[in-house]
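These notes are about the structure you will find just below.
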Amino acid sequence: MGSSCCNGCRWEISAGRCIFIAKEIARINEEIRVRGGEIRVTDAEGQTLGIMQVRDALQMAIDQHLDLVEIAPKAKPPVCRIMDFGKYRYEQQKREKEARKKQKVISVKEVKLRPNIEQHDFDVKLKNAVRFLEEGNKVKVTIMFRGRELSHPELGREILGRVAEQLKDSVSIERDAKLEGKNMIMILAPKAASKGGKQ
């Protein structure tokens with residue numbers, strides 16, 4: 001038996017429990033409508049039970065306290081499986097969560113410096129850059145110029161050169177120092193993540 005909430009999502013009551021079903025999920029139980037009424041039915045292990053009428057397959061699922069789930073609607077005839085849909089959705093979400101954990105997302109972190117930066121501040125910023133690189137991220141090192149400092153771009157190049165020199169064993173320079181407006185930017189990538197880079 002199905003019902004809707006105010007957001008248009010559906011809840012299916014099956015085997016004495018409620019299962020949340022998103023709109024994009026395959027049709028289950030009474031929602032299954034097939035021209036001619038015939039479907040190919042498999043059990044939870046994937047064994048074929050044969051071709052039968054939707055109503056007969058649904059009754060078989062009810063007798064086993066399970067759900068009838070449409071898994072291949074475009075097949076001829078459509079394929080439905082008798083299964084515990086709530087358990088299936090739980091395991092699917094668990095697998096998706098594990099897959100997301102294993103995905104390595106490389107992002108670009110920024111470290112900002114000034115042309116007249118003190119040594120202590122430079123060391124702190126460098127430490128941050130090292131941490132970002134160790135996490136597998138790329139690092140955009142930005143020198144911010146103000147006013148008359150723009151007339152001395154060599155100061156920015158010198159600082160970026162110091163950064164590159166300090167990190168030369170663990171990074172590759174993906175983009176050399178370049179002046180863009182009031183900023184000078186250099187992009188670094190971990191050697192292992194760069195093309196042709198070595199561990």
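The structure displayed is predicted, hence computed values, not measured ones. Quick note: numbers below take in every heavy atom, side chains included, and nothing from hydrogens, waters or symmetry partners.
- Looking at every heavy atom in both residues, Val41 comes nearest to Ala57 through CG2-CB, 3.7 Å.
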Please test Leu188 against Ser172 for side-chain contact (heavy atoms from CB on, under 4.5 Å), starting from the C-alpha separation and ending with a verdict.
CA-CA 6 Å; Leu188 305 174; Ser172 62; over 6 Å; no

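- Put simply, the side chain of Glu174 reaches to within 4.5 Å of the side chain of Lys138, judged on heavy atoms.
- The side-chain heavy atoms of Pro77 and Ile51, taken from C-beta on, include a pair separated by under 4.5 Å.
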Test salt bridge (Lys or Arg N to Asp or Glu O under 4.0 Å) on Glu180 and Arg175; report intermediate values, then the result.
CA-CA 13 Å; Glu180 293 184 0; Arg175 194 174 117 190; 2.3 Å; yes

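- A distance of 13.0 Å separates CG of Leu155 from CD1 of Ile117, quoted to the nearest 0.5 Å.
- Once rounded to the nearest 0.5 Å, the distance linking NZ of Lys178 with CZ of Arg157 reads 11.0 Å.
- Ile62 and Leu49 end up in the same hydrophobic cluster when Ile, Leu, Val, Met, Phe, Trp and Tyr side chains are linked at under 4.5 Å.
- Both Val130 and Ile159 belong to a common hydrophobic cluster when Ile, Leu, Val, Met, Phe, Trp and Tyr are linked at side-chain heavy-atom distances under 4.5 angstrom.
- Scanning all heavy atoms of the two residues, the minimum distance from Lys191 to Lys168 falls at NZ-O, 3.2 Å.
- Counting heavy atoms from C-beta on, the side chains of Glu158 and Glu154 never come closer than 4.5 Å.
- With Phe85 as the partner, the side chain to side chain contact (heavy atoms under 4.5 Å, CB included) test is satisfied by one option alone out of Lys87, Arg89, Arg81: Arg89.
- Side-chain contact between Met60 and Ile82: present, with at least one pair of heavy atoms (C-beta onward) separated by less than 4.5 Å.
- With a 4.5 Å cut-off on side-chain heavy atoms, Asn29 and Leu58 count as touching.
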Full working for salt bridge (Lys or Arg N to Asp or Glu O under 4.0 Å) between Glu149 and Arg146
CA-CA 5 Å; Glu149 291 171 348; Arg146 273 194 278 190; 5.3 Å; no

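- Side-chain contact, His120 with Glu118: no donor N or O sits under 3.5 Å from an acceptor N or O.
- At least one side-chain heavy atom of Ile32 sits less than 4.5 Å from a side-chain heavy atom of Arg27.
- For the atom pair CG (Asp84) and CG (Asp67), the distance works out to 6.5 Å, reported to the nearest 0.5 Å.
- The shortest heavy-atom contact between Leu160 and Ala177 is CD1-CB, 3.4 Å.
- Residues Lys140 and Val111 fail the side-chain proximity criterion, which asks for heavy atoms closer than 4.5 Å.
- Cluster annotation: Leu179 is connected to Val163 through the hydrophobic network of ILVMFWY side chains, with a link wherever side-chain heavy atoms come within less than 4.5 Å.
- If you check the side chains of Asn137 and Ser107, you find a donor sitting under 3.5 Å from an acceptor.
- Arg114 contributes atom CZ, which lies 9.5 Å from atom CD1 of Ile143 (distance to the nearest 0.5 angstrom).
- In this structure, NZ on Lys112 lies 7.0 Å from OG1 on Thr142, to the nearest 0.5 angstrom.
- Scanning both residues, Leu68 and Val54, for their nearest heavy atoms gives CD2-O, 4.1 Å.
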Evaluation steps, side-chain contact (heavy atoms from CB on, under 4.5 Å), between Thr42 and Gln47
CA-CA 5 Å; Thr42 63; Gln47 297 295 316; over 6 Å; no

Given Leu113 and Val141, is the side-chain contact (heavy atoms from CB on, under 4.5 Å) satisfied, shown in steps?
CA-CA 8 Å; Leu113 307 128; Val141 187; 3.2 Å; yes

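- Taking all atoms of both residues into account, the shortest heavy-atom contact from Phe145 to His152 is CE2-O, 3.9 Å.
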Output, in order, the C-alpha distance, side-chain angles, deciding distance and verdict of side-chain contact (heavy atoms from CB on, under 4.5 Å) for Met184 and Met144.
CA-CA 7 Å; Met184 185 174 284; Met144 300 181 299; over 6 Å; no

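- In this structure, Phe122 places its CZ atom where more than 12 heavy-atom neighbours from other residues, nucleotides or ligands lie under 6.0 Å away.
- Ile185 has its side chain within reach of Ile187: a pair of non-hydrogen atoms, C-beta onward, lies under 4.5 Å apart.
- One hydrophobic cluster holds both Tyr88 and Val69 under the rule that ILVMFWY side chains link at heavy-atom gaps under 4.5 Å.
- Ile28 contributes atom CD1, which lies 11.0 Å from atom CD of Glu70 (distance to the nearest 0.5 angstrom).
- Closest approach of Leu150 and Lys182 over heavy atoms only: CD1-CG, 3.9 Å.
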